[in-house]
Amino acid sequence: MITVDLKNAEKKQTLKGFGTSACWWSQNVSDEKTADEISDLLYSEKGLNLNIYRYNVGGGWNEKNCRVFNPWRKCESFYVYDDNNEDEHYKGDGYDFEKDKNAYSFMKTCLAKGSIDTVILFANSPHYSFTSSGQASGSLMHHTCNLPKCNYKRFAEYFLDITEHFIEDGIPVTHISPINEPQWKWGGNHVWQEGCHYEPEEVAEVFHIFAEELEKRNLDIQLYGPESGEIGGLTEEYLRLFKNDKLIMKHLGAFAIHSYHVDNDTQIRKDFYNNIVIPNPDIRFDMSEWCELPCKSDTKSIKGALITARIIGNDFSLLGAESWTSWVAVNQIYDVKGDGKDYSDGLLSATNGFTYYYIAKRYYAFLHFSKFIKIGATVLKIEYASDSKLNVYTFVNPDGQKVAVIVNEGKAEDIEFLTDEKNCEIYTTTAKKNFRKDFSGAFNGSIHSKASSITTVVLW
């Protein structure tokens with residue numbers, strides 16, 4: 001039997017919540033009934049009850065030279081650019097806010113559910129007309145910034161123009177994120193989505209100009225980023241450059257990273273926490289994007305759900321993340337192996353026109369956390385003897401209620417909890433059942449964790 005001591009658990013970071021991205025798919029949701037159903041699944045108390053919304057400010061495209069052919073990998077822009085008049089100014093009638101109307105409408109539908117307190121506007125690329133290649137899919141050469149320095153300010157003005165329109169229209173924008181995964185190559189001979197490479201010094205320069213523009217406009221919103229595409233690599237260098245710039249730090253709401261490519265690496269998370277998070281207690285660290293990459297688990301597989309739950313738990317307990325946001329809420333049904341299975345990486349999976357969609361197994365893994373762990377909850381550090389196939393993640397809500405999420409990728413185990421709480425509810429996901437309430441009543445001190453299962457125990 002594994003013993004988990006909740007009485008003497010050390011309190012760690014306070015959580016800001018959970019979110020997902022509406023990027024590239026929400027523009028395809030045109031039916032109001034479908035939009036309401038999906039928004040319920042994501043942002044209502046009946047569903048995940050998420051509070052963080054990532055909205056993609058698309059880079060647009062010119063049909064004559066766009067090399068991204070999948071409509072789920074590019075996005076309309078609000079900025080109207082006249083390809084025949086390069087001197088046209090981009091303010092005033094340079095914007096058409098009827099563009100990307102489905103995505104914008106879907107965001108409002110989600111906001112009406114009442115759970116959202118954080119709206120992040122982010123860009124995979126500047127508008128294509130600002131770039132060197134004339135495309136939002138990156139430079140024509142790998143690992144080369146596609147945004148000329150002479151357009152840094154123009155990019156910031158354009159982005160803040162859009163932000164101000166959102167705010168004037170009642171969208172409670174809290175953060176702006178102008179750069180996404182700057183270290184990746186983006187562009188070259190083969191492109192598949194919006195993206196823009198930046199060297200670390202270029203990342204800092206762009207953020208500094210955005211900070212200047214926030215000062216100029218006196219906007220009460222914060223910078224978010226740089227959305228590094230990995231935990232290690234250049235991430236520490238981005239932070240060093242940010243910390244050396246007082247204006248960036250004045251406006252930085254969160255240092256955001258993505259935890260891709262290290263699903264089985266716990267040490268890199270521990271090192272990040274010890275070497276970066278602990279020495280910087282005044283900085284908020286967010287995990288702003290993750291999906292299984294490459295996605296080897298089909299949408300109906302318990303394995304994919306187990307991996308998702310483990311990553312969420314490890315990013316909180318080991319990495320020190322203060323919020324956790326999945327990559328996309330919905331992606332295309334993707335039968336890449338030709339075996340009749342869907343390898344989409346979303347929480348939901350849909351046909352291109354949303355005539356059909358369904359809930360992926362990993363959605364329920366997310367639900368095991370977001371349903372019960374409240375904004376303001378504290379991560380608890382616990383010690384227990386177990387092999388790497390069983391993980392227990394523990395939290396205490398602001399009202400004192402405790403939550404334990406058990407992710408068991410191995411054999412069945414019994415777990416004893418040392419705690420003063422007398423009552424509990426137990427919810428379980430296995431290969432055959434999805435987030436089923438198995439028990440509600442007096443707590444006898446122990447939980448049976450089934451093989452290959454996720455179990456949430458709520459204690460009070």
Side-chain angles (χ1 to χ4, degrees), residues 21-30 53-66 68 71 73-111 119-137 146-148 150-180 194-196 206-207 209-225:
S21 165
C23 181
W24 295 332
W25 62 269
S26 56
Q27 68 253 35
N28 298 311
V29 183
S30 57
Y53 196 104
R54 282 182 87 214
Y55 183 97
N56 177 36
V57 177
W61 69 89
N62 176 348
E63 292 182 358
K64 296 177 182 179
N65 72 351
C66 179
V68 178
R73 293 294 181 271
K74 60 185 179 180
C75 184
E76 282 188 292
S77 173
F78 297 114
Y79 174 44
V80 179
Y81 177 69
D82 183 354
D83 293 304
N84 298 314
N85 182 6
E86 294 185 1
D87 294 327
E88 180 190 18
H89 202 265
Y90 50 92
K91 289 190 177 181
D93 60 1
Y95 294 95
D96 179 359
F97 289 100
E98 289 299 307
K99 298 274 190 178
D100 205 27
K101 62 181 181 181
N102 288 341
Y104 196 78
S105 175
F106 182 80
M107 175 174 55
K108 285 194 167 185
T109 300
C110 292
L111 283 165
V119 174
I120 303 165
L121 306 186
F122 81 100
N124 291 298
S125 167
H127 190 271
Y128 74 86
S129 67
F130 305 160
T131 69
S132 299
S133 67
Q135 302 172 13
S137 54
N146 199 31
L147 180 67
C150 61
N151 283 340
Y152 284 7
K153 190 172 189 298
R154 190 180 183 191
F155 177 36
E157 290 174 342
Y158 142 91
F159 202 110
L160 269 297
D161 285 349
I162 292 171
T163 301
E164 286 187 320
H165 172 83
F166 275 46
I167 294 170
E168 290 167 3
D169 195 37
I171 306 298
V173 179
T174 55
H175 299 79
I176 55 171
S177 174
I179 290 175
N180 191 67
E194 297 177 314
C196 186
V206 169
F207 267 76
I209 287 175
F210 268 76
E212 287 181 333
E213 193 65 21
L214 285 174
E215 293 255 311
K216 176 183 174 182
R217 302 190 188 210
N218 195 29
L219 284 173
D220 186 23
I221 55 177
Q222 296 177 308
L223 293 171
Y224 195 86

Please step through ring-ring contact (aromatic ring centres under 6.0 Å, His included) for the pair Y95 and H165, ending with a clear verdict. CA-CA 10 Å; Y95 294 95; H165 172 83; 8.6 Å; no

Show the nearest heavy-atom pair for residues T131 and P126, with the distance to one decimal. CG2-O, 4.3 Å

Side-chain contact, heavy-atom cut-off 4.5 Å: Y152 with F155? no

Do Y53 and I120 pass the side chain to side chain contact (heavy atoms under 4.5 Å, CB included) test, and can you show the C-alpha distance, the side-chain angles, and the key distance before you say yes or no? CA-CA 6 Å; Y53 196 104; I120 303 165; over 6 Å; no

Residues forming a salt bridge (charged side-chain N to carboxylate O under 4.0 Å, His left out) with E212, sequence neighbours excluded: none

In short, G225 meets F207 closest at the heavy-atom pair CA-CZ, 3.9 Å

On a heavy-atom basis, which atom in E194 and which in S125 lie closest, and how many Å separate them? CB-CB, 4.5 Å

Is a donor on one side and an acceptor on the other found under 3.5 Å between the side chain of S77 and the backbone of G59? no

For this output row, return yes or no: ring centroids of F166 and F78 closer than 6.0 angstrom. yes

What do the steps show when you test N180 against N56 for side chain to side chain contact (heavy atoms under 4.5 Å, CB included), and what is the final call? CA-CA 10 Å; N180 191 67; N56 177 36; over 6 Å; no

One pair to check against ring-ring contact (aromatic ring centres under 6.0 Å, His included): F159 and F130. What are the steps and the verdict? CA-CA 12 Å; F159 202 110; F130 305 160; over 10 Å; no

Is any side-chain heavy atom of E157 closer than 4.5 Å to one of R217? yes

Chi angles and distances behind the side chain to side chain contact (heavy atoms under 4.5 Å, CB included) call for C23, N124: CA-CA 10 Å; C23 181; N124 291 298; 3.7 Å; yes

Evaluate side chain to side chain contact (heavy atoms under 4.5 Å, CB included) for F122 paired with S21, printing each intermediate quantity in order. CA-CA 10 Å; F122 81 100; S21 165; 3.9 Å; yes

Sequence neighbours left out, cut at 3.5 Å: what donor-acceptor pairs do the side chains of residues 99-110 make with other protein atoms?
residue	atom	partner	partner atom	Å
D100	OD2	Y55	OH	2.7
N102	ND2	Q27	O	2.9
Y104	OH	D169	OD2	2.6
K108	NZ	D169	OD2	2.8
T109	OG1	S105	O	3.1

Single hit among I171, V173, V57 for side-chain contact (heavy atoms from CB on, under 4.5 Å) with T163: V173

Looking only at heavy atoms, which two atoms of S133 and N65 are closest? And how far apart? O-ND2, 4.1 Å

Who passes ring-ring contact (aromatic ring centres under 6.0 Å, His included) against Y224, sequence neighbours left out? H175

Which atoms form the tightest heavy-atom contact between A22 and S26, and what is the distance? O-OG, 2.8 Å

Heavy-atom pair with the smallest gap, counting every atom of K74 and V68: NZ-O, 3.2 Å

Beyond-backbone contact of I176 with L219, side-chain heavy atoms, under 4.5 angstrom: no

C66 side chain near Y128 side chain, heavy-atom distance below 4.5 Å: no

